[in-house]
Amino acid sequence: MTPAEQGTSRLTRVPGVLYGGDYNPEQWPEDVWAEDAKLMREAGVTMVTVGVFSWARLQPGPDTWDFPWFDRLLDLLHAHGVAVDLATATASPPAWLVRAHPEILPVTADGVRLEFGSRQHYCPSSPAYRAAALRLTRTLAARYADHPALALWHIHNEYGDHVTECFCPRSADHFRIWLTHRYETIDALNHAWGTAFWSQRYGTYDEIEPPRTVPGPVNPTQLLDWRRFCSDVLLECHRAEREVLKELSPDIPATTNFMSMFKALDYWKWAEHEDLVSDDAYPDPADPRAHVNAALNYDLMRSLKGGRPWLLLEQAPSAVSWRPVNVPKKPGVQRLWSLQALARGADGIMYFQWRASRAGAEKYHSALLPHRGTASRGWQETVRFGAELARLGEVTGTTTPADVAIVLDWDSWWALESDDHPSARMRWRDLLHPWYAALHARGVTTDFVPPHADLTGYRAVLAPNLHLLRPEHAARITAYVQGGGHLVCGPFSGVVDGHDHIHDGGAPGPLRDVLGVGVDEFWPVPDGQAVRLTSGAEATLWTEWTETEGPETEIVDTYASGELTGRPAVTRHPHGTGTAWYVSAHLGDGIGPVLDDALRAAGVRPVLDVPEGVEATVRTGEPGTYLFVLNHSDHDTRTPLTGAFAAGGTDLLTGAAVHGHLALGPLGAAVLRIATDSPGENQK
Ligand code: GLA
């Protein structure tokens, strides 16, 4: 048995860690394909994504289809042992279709119709677009459902990329229908939208329009519902394609590629309609902390389906082409960052794209096979890494345990970033990032959970911000603490309900009892200024005038400069058999000591004590336990193997036995199969 055959990926029937990328053969003469297939084999590629932008080629006219070239392509790939992730090709409607149905083109909030000439130029509510997309999906599914190369269906491509909303008349109609399902009566809508304000009352649903460009601030609940609608309407398109695939090709899993933590789509809802979660991730090599943000996104992808393995479907082998400055990945970075995805639960590592394009908007985007061909540094890395991945097949199907969860709610994110708030600086990602980074620096693996999640399995739950909080979700969080859980809640939380109305009595609304505090007034910090805390921490962006409520609330830290001097900044409150912390300020990186207090109380330990710049995570299950240790720094590191890892193990990347400590050079990595008590039992 080859090492790649040792593990069977649970994502698809293809064994081992999936390895490959987007393949766009329509950009090349057919004689190049044979070379591609041969080189894929040489690189250890096991699956490629084809057809993503092939609509115009597969269906050159309304009733003309051209499949023979695609048949030959799939046969060729199959003959070379390369499986296919087959796209439904619906993300880029052909010119003939948009000329026949110009209403397919999306319209901006200002009424500008976006022209043909790029991609993703469709209105998701357009019946003509939907009918054509479903016809294409059906035709592809009928033709290829039984093709032996087919391993995965790739629905559409990056829903919401470029165009997240359309304001055309058809979208407006669709929005009204969506609203009638949500509210039924116009009175209910008027109440929810607070239309008593500024004379915005509606007499009938026909009077409602999407939140187009308006003279002043737009109704915030109208905008919140619009965001919900835009996520739902794209999901409708996705579900319609998926249903066709499930009807004609029920045995093949289907996925659509998510875009990491993406504001426009509520991925909790979306993930319910995925057989497996897949992600496109493009950390910026110019950002020294890119790996921390990548870890965050990978943890989210793992969490979207309750910890099940996921697929990194796209990343750049080196530079992208769409940032103002596109810095390449220095040697070793693409390997390290790919192993990072695996370390956080991925069972496949794929790229955009296989062969670098010679024409088009992405001709400067890196590829597994760069313009310089097999002589290039990139190609050598492609081949080397393929060989390494082939040794890691046994980790597939194992899962990544986490003791800590961060609550993420798209509704709350949308409401938080509405206009006309006390401060426009309170952005979800900025609030989340320092909390996540503190956990990452401490070697604590973190899940994400939706606000309706069962929290009981977690030692600690963090809510960096829950601006919008429904009473039923607050009740779950409260019950979690009551039953012995540890909660840390960040500022500007529990402010509004599901309609974006301020909770009775103000913040933290339904969390008042569990937190033991009341917020008297928000006190945002002007740009460029900071407020000192007694502990030495500094608040930027945001502070609050809070009052403890009840004798049990302990003041952990106080404001030490400015108007709020002497007032509570951080509090701790026992509730039931658990404890809840409230952090009323944006502390940035200063959040660390507060989290330390909570993690200590909750008994959360790092996976392994690691030197700075080193990341350690564990995957466990059948057939074993695997410790991933990744050195993101540019110096040599030495990580002692202690605790559960004291017995050492075998580094799957090198085959070497490792005991006592692990020495890693700059950008080095190890994947240790942890030895069991009876030595040799779990060894190769
Ligand atoms: C996205 C798209 C790809 C390609 C890459 C470039 O992930 O899905 O088609 O445009 O970006 O980085």
Side-chain angles (χ1 to χ4, degrees), residues 18 20-28 47-57 84-94 117-122 152-164 234 237-238 241 254-265 267 270 274 277-287 290 293-294 297-298 300-301 310-329 333-334 337-338 341 346 348-371 378 382:
L18 294 167
D22 277 32
Y23 179 36
N24 295 303
E26 57 272 65
Q27 295 175 14
W28 298 94
M47 185 166 83
V48 291
T49 302
V50 293
V52 176
F53 296 109
S54 305
W55 192 345
R57 182 77 196 270
V84 161
D85 164 34
L86 182 50
T88 56
T90 55
S92 205
S118 179
R119 62 173 173 184
Q120 301 276 7
H121 42 267
Y122 65 93
L152 181 63
W153 283 107
H154 180 104
I155 300 177
H156 195 86
N157 193 61
E158 292 193 337
Y159 281 99
D161 183 28
H162 306 308
V163 181
T164 55
L234 282 167
C237 294
H238 172 263
E241 289 192 24
T255 188
T256 189
N257 41 348
F258 289 167
M259 289 182 282
S260 299
M261 190 170 285
F262 180 59
K263 181 176 170 185
L265 302 185
Y267 282 154
W270 278 69
E274 302 297 305
V277 165
S278 59
D279 189 38
D280 295 354
Y282 290 94
D284 184 356
D287 174 2
N293 201 36
N297 288 318
Y298 299 160
L300 173 63
M301 292 303 128
W310 57 281
L311 170 60
L312 181 56
L313 197 46
E314 279 186 37
Q315 60 167 336
S318 187
V320 297
S321 54
W322 39 262
R323 291 194 172 101
V325 179
N326 299 298
V327 174
K329 291 178 178 168
V333 167
Q334 90 80 7
W337 288 4
S338 300
I349 302 296
M350 298 181 60
Y351 300 79
F352 181 87
Q353 63 177 329
W354 163 254
R355 182 184 277 275
S357 301
R358 292 179 66 185
E362 293 181 330
K363 59 182 176 295
Y364 293 109
H365 198 292
S366 60
L368 290 169
L369 180 58
H371 292 133
T382 299

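Along the sequence shown, residues carry numbers from 1. As a basis for the values below, the full set of heavy atoms in this structure was taken, side chains included, without hydrogen atoms, waters or symmetry mates. Indexing begins at 1, ligand by ligand and atom by atom, following the structure's order.
- Sorted by chain and number, the residues within 4.0 Å of ligand 1 by heavy atom are Phe53, Arg119, Asn157, Glu158, Asp280, Tyr282, Glu314, Trp322, Phe352, Glu362, His365.
- Side-chain contact check for Trp354 versus Asp22: every heavy-atom pair is 4.5 Å or farther apart.
- Residues satisfying the side chain to side chain contact (heavy atoms under 4.5 Å, CB included) criterion with Pro370, sequence neighbours excluded, are Ser376, Trp379.
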Test side chain to side chain contact (heavy atoms under 4.5 Å, CB included) applied to His154 and Leu313, step by step: CA-CA 10 Å; His154 180 104; Leu313 197 46; 3.4 Å; yes
Check against side chain to side chain contact (heavy atoms under 4.5 Å, CB included), Asp279 and Leu311: CA-CA 6 Å; Asp279 189 38; Leu311 170 60; over 6 Å; no
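- Residues Gln353 and Asn24 meet the side-chain proximity criterion, which asks for heavy atoms closer than 4.5 Å.
- Two rings, from Tyr282 and Trp322, have their centers less than 6.0 Å apart.
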